[in-house]
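Each remark here refers to the structure printed beneath this line.
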Amino acid sequence: MSISVATWNINSVRLRLPMVQEFLANHQPDVLCLQEIKCQNDQFPAKAFAESGYQYHAVNGQKSYHGVAIVSRLPLLESDTREFCKMGDARHVSAIVEAPFGKTRIHNFYIPAGGDEANIEINPKFKHKMDFLSELQDWFDEDDFDNEQIIVGDFNIAPHENDVWSHKQLLKVVSHTPLETDTLNALQARRNWVDVVRKHIPHEERLYSWWSYRSKDWNASNKGRRLDHIWATPDIAGHSSQTVVLRDARGWGLKPSDHVPIISHFG
DNA sequence: ATGGCGGATCTTATCCGA
């Protein structure tokens, strides 16, 4: 008995619905967490996912931007959303699944990108990102935050040197600045979160989950960043057996997402 | 040149992402 959880920033779920369905058919994760669905709740293609065998959904949509969803072939219990920074953004949804090792809450996050300038004084988007991380840390510190959890999503931070194509050249680029990586590392230490991607693919190996659309040839230049993550509390991470990053997905179809799916197996 | 692209919507222009 095992359970598999996938995360994928899909950059419009309506545009790339056939691609997601093909992914589900080929890889059959039990749970798929999507970010940047870019639609409202009533526009979410729930029926299409149900016909693909994924009949359980927890959706936190928003018009045009952001938006997150969990689709599952296992029942989703007690789904919930949380608002951060009083922005009205749809950047979080969670639900409980019955895993072989017990009931487990899965959180799906879309952390703000942060704009261009890594300076909270002059860049409101960067301030939003840092404030979001601060609120997240406060939440993790609360006593009622369960100990058995998985968190996934587009964190928009590449924390380690081998999570970017050039550590040196990206030190001042939002997503890899020391302020962001230190903050994310502190956040990770808060609940002893285990990075289950790096548990199976060690830091010595370069690993990316995002490649810019603006690159002429993403595959040849390979200037990516590891922005997408799957973390688990220690007990659950102890059950994790494998993680796959589907690099090839960056080249799927004529219009791929700029992020690729990551799948972790537990149990 | 990673960011000379690609989403959605305010659509033939604009805002946003990273």
Side-chain angles (χ1 to χ4, degrees), chain A residues 7-20 34-45 59-69 84-85 87-92 108-120 122-133 153-181 183-184 206-229 247 249-262:
Chain A
T7 181
W8 194 5
N9 180 321
I10 195 61
N11 187 18
S12 175
V13 69
R14 288 176 294 173
L15 188 69
R16 273 177 266 283
L17 177 62
M19 190 178 289
V20 184
L34 295 167
Q35 302 87 38
E36 285 206 88
I37 61 172
K38 293 187 173 177
C39 67
Q40 298 171 100
N41 287 3
D42 60 0
Q43 298 173 311
F44 187 76
V59 184
N60 185 11
Q62 178 178 345
K63 191 178 182 180
S64 304
Y65 308 114
H66 322 313
V68 288
F84 289 82
C85 306
M87 299 280 286
D89 287 351
R91 294 180 177 275
H92 168 263
N108 178 12
F109 288 101
Y110 176 48
I111 294 176
D116 287 326
E117 293 286 335
N119 183 338
I120 61 168
I122 61 168
N123 177 4
K125 291 179 185 176
F126 193 70
K127 184 177 187 304
H128 178 207
K129 184 178 199 173
M130 298 312 298
D131 288 347
F132 192 106
L133 292 165
D154 178 1
F155 294 2
N156 270 313
I157 298 174
H160 300 281
E161 293 195 12
N162 282 340
D163 293 342
V164 292
W165 62 275
S166 168
H167 170 63
K168 250 185 166 175
Q169 291 181 75
L170 286 163
L171 276 170
K172 291 181 176 172
V173 174
V174 170
S175 73
H176 193 63
T177 64
L179 178 58
E180 290 165 274
T181 58
T183 302
L184 193 68
R206 283 193 189 272
L207 186 63
Y208 314 136
S209 65
W210 171 88
W211 292 259
S212 173
Y213 280 128
R214 297 196 197 189
S215 174
K216 208 168 211 171
D217 185 338
W218 73 273
N219 191 26
S221 57
N222 197 26
K223 292 180 172 175
R225 304 177 203 169
R226 189 171 74 102
L227 303 178
D228 302 276
H229 300 273
R247 186 182 188 278
R250 184 60 181 81
W252 285 352
L254 294 172
K255 289 175 172 290
S257 171
D258 46 356
H259 295 252
V260 300
I262 301 171

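These numbers come from the heavy atoms of this one structure, side chains and all, not from hydrogens, waters or symmetry mates. Protein chains get the first letters and strands the later ones, always in sequence-line order, with residue 1 at the start of each.
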**Asked** Is there a donor-acceptor pair closer than 3.5 Å between any side-chain N or O of T183(A) and the backbone N or O of L179(A)?
**Response** yes
**Request:** Check every atom of dC10(B), dT2(B), dA8(B) against the side chain of Y65(A) and return the nucleotide holding the closest atom.
**Result:** dC10(B)
**Item:** Whether over 12 other heavy atoms sit under 6.0 Å from Q40(A) CD
**Value:** yes
**Complete:** CG of N156(A) to CG of N9(A), rounded to nearest 0.5 Å, is 8.0 Å
**Message:** Tell me whether the rings of F132(A) and F109(A) are parallel (<30°), tilted (30 to 60°) or perpendicular (>60°).
**Reply:** perpendicular
**Item:** Distance in angstrom units between N123(A) CG and dA18(B) P, rounded
**Value:** 13 Å
**Request:** Mind checking D258(A) for me? I need base, sugar-phosphate or nothing, with any heavy atom below 4.0 Å counting as a touch.
**Result:** nothing
**Asked** With a non-hydrogen cut-off below 4.0 angstrom, is W218(A) in contact with a base, only sugar-phosphate, or nothing?
**Response** nothing
**Prompt:** When you measure from the side chain of D116(A), which nucleotide among dA18(B), dG7(B), dT9(B) comes out closest?
**Reply:** dA18(B)
**Asked** Using a cut-off of 4.0 Å on non-hydrogen atoms, how would the nucleic acid contact of K125(A) be classed: base, sugar-phosphate, or nothing?
**Response** sugar-phosphate
**Asked** Within the pair K255(A) and dG7(B), is there a side-chain N or O less than 4.0 Å away from OP1 or OP2?
**Response** yes
**Asked** When we call it a touch if two heavy atoms are under 4.0 Å apart, what does L227(A) touch: a base, just sugar-phosphate, or nothing?
**Response** sugar-phosphate
**Prompt:** In whole angstroms, how far is the P atom of dC16(B) from the NE2 atom of H66(A)?
**Reply:** 9 Å
**Asked** Looking at S221(A), does any N or O in its side chain come under 4.0 Å of the phosphate oxygens OP1/OP2 on dT2(B)?
**Response** no
**Prompt:** Nearest nucleotide by nearest heavy atom, which residue falls closer to the 5' end of DNA chain B, L15(A) or V173(A)?
**Reply:** V173(A)
**Message:** For a quick check of understanding: with a heavy-atom distance under 4.0 Å over all strands, which category does E36(A) fall into, base, sugar-phosphate or nothing?
**Reply:** sugar-phosphate
**Request:** Tell me what H176(A) touches on the nucleic acid: a base, only sugar-phosphate, or nothing, going by heavy atoms under 4.0 Å.
**Result:** nothing
**Message:** Looking only at the side chain of R91(A) (C-beta and beyond, no hydrogens), which of the listed nucleotides dT2(B), dG7(B), dG17(B) gets closest?
**Reply:** dG17(B)
**Spacing between L254(A) atom CG and dC5(B) atom P, to the nearest angstrom** = 17 Å
**Prompt:** Considering only dT9(B), dA18(B), dT2(B), which nucleotide approaches the side chain of R14(A) most closely?
**Reply:** dT9(B)
**Message:** If we count only N and O atoms by modelled type, under 3.5 Å, do the side chains of S209(A) and R226(A) hold a donor and an acceptor together?
**Reply:** no
**Message:** Applying a 4.0 Å non-hydrogen cut-off, can you work out what N222(A) is touching in the nucleic acid: base, sugar-phosphate, or nothing?
**Reply:** nothing
**Request:** Apply side-chain contact (heavy atoms from CB on, under 4.5 Å) to the pair D154(A) and H259(A), showing each step before the final yes or no.
**Result:** CA-CA 9 Å; D154(A) 178 1; H259(A) 295 252; 3.3 Å; yes
**Prompt:** Taking only N and O in the side chain of N156(A), is any of them less than 4.0 Å away from OP1 or OP2 of dA18(B)?
**Reply:** yes
**Prompt:** Considering only dA18(B), dA8(B), dG7(B), which nucleotide approaches the side chain of S64(A) most closely?
**Reply:** dA8(B)
**Request:** Go through dA8(B), dT2(B), dG17(B) for me and flag the one nearest to the Y110(A) side chain.
**Result:** dG17(B)
**Asked** DNA chain B: K223(A) or Q43(A), which has the more 5' nearest nucleotide?
**Response** K223(A)
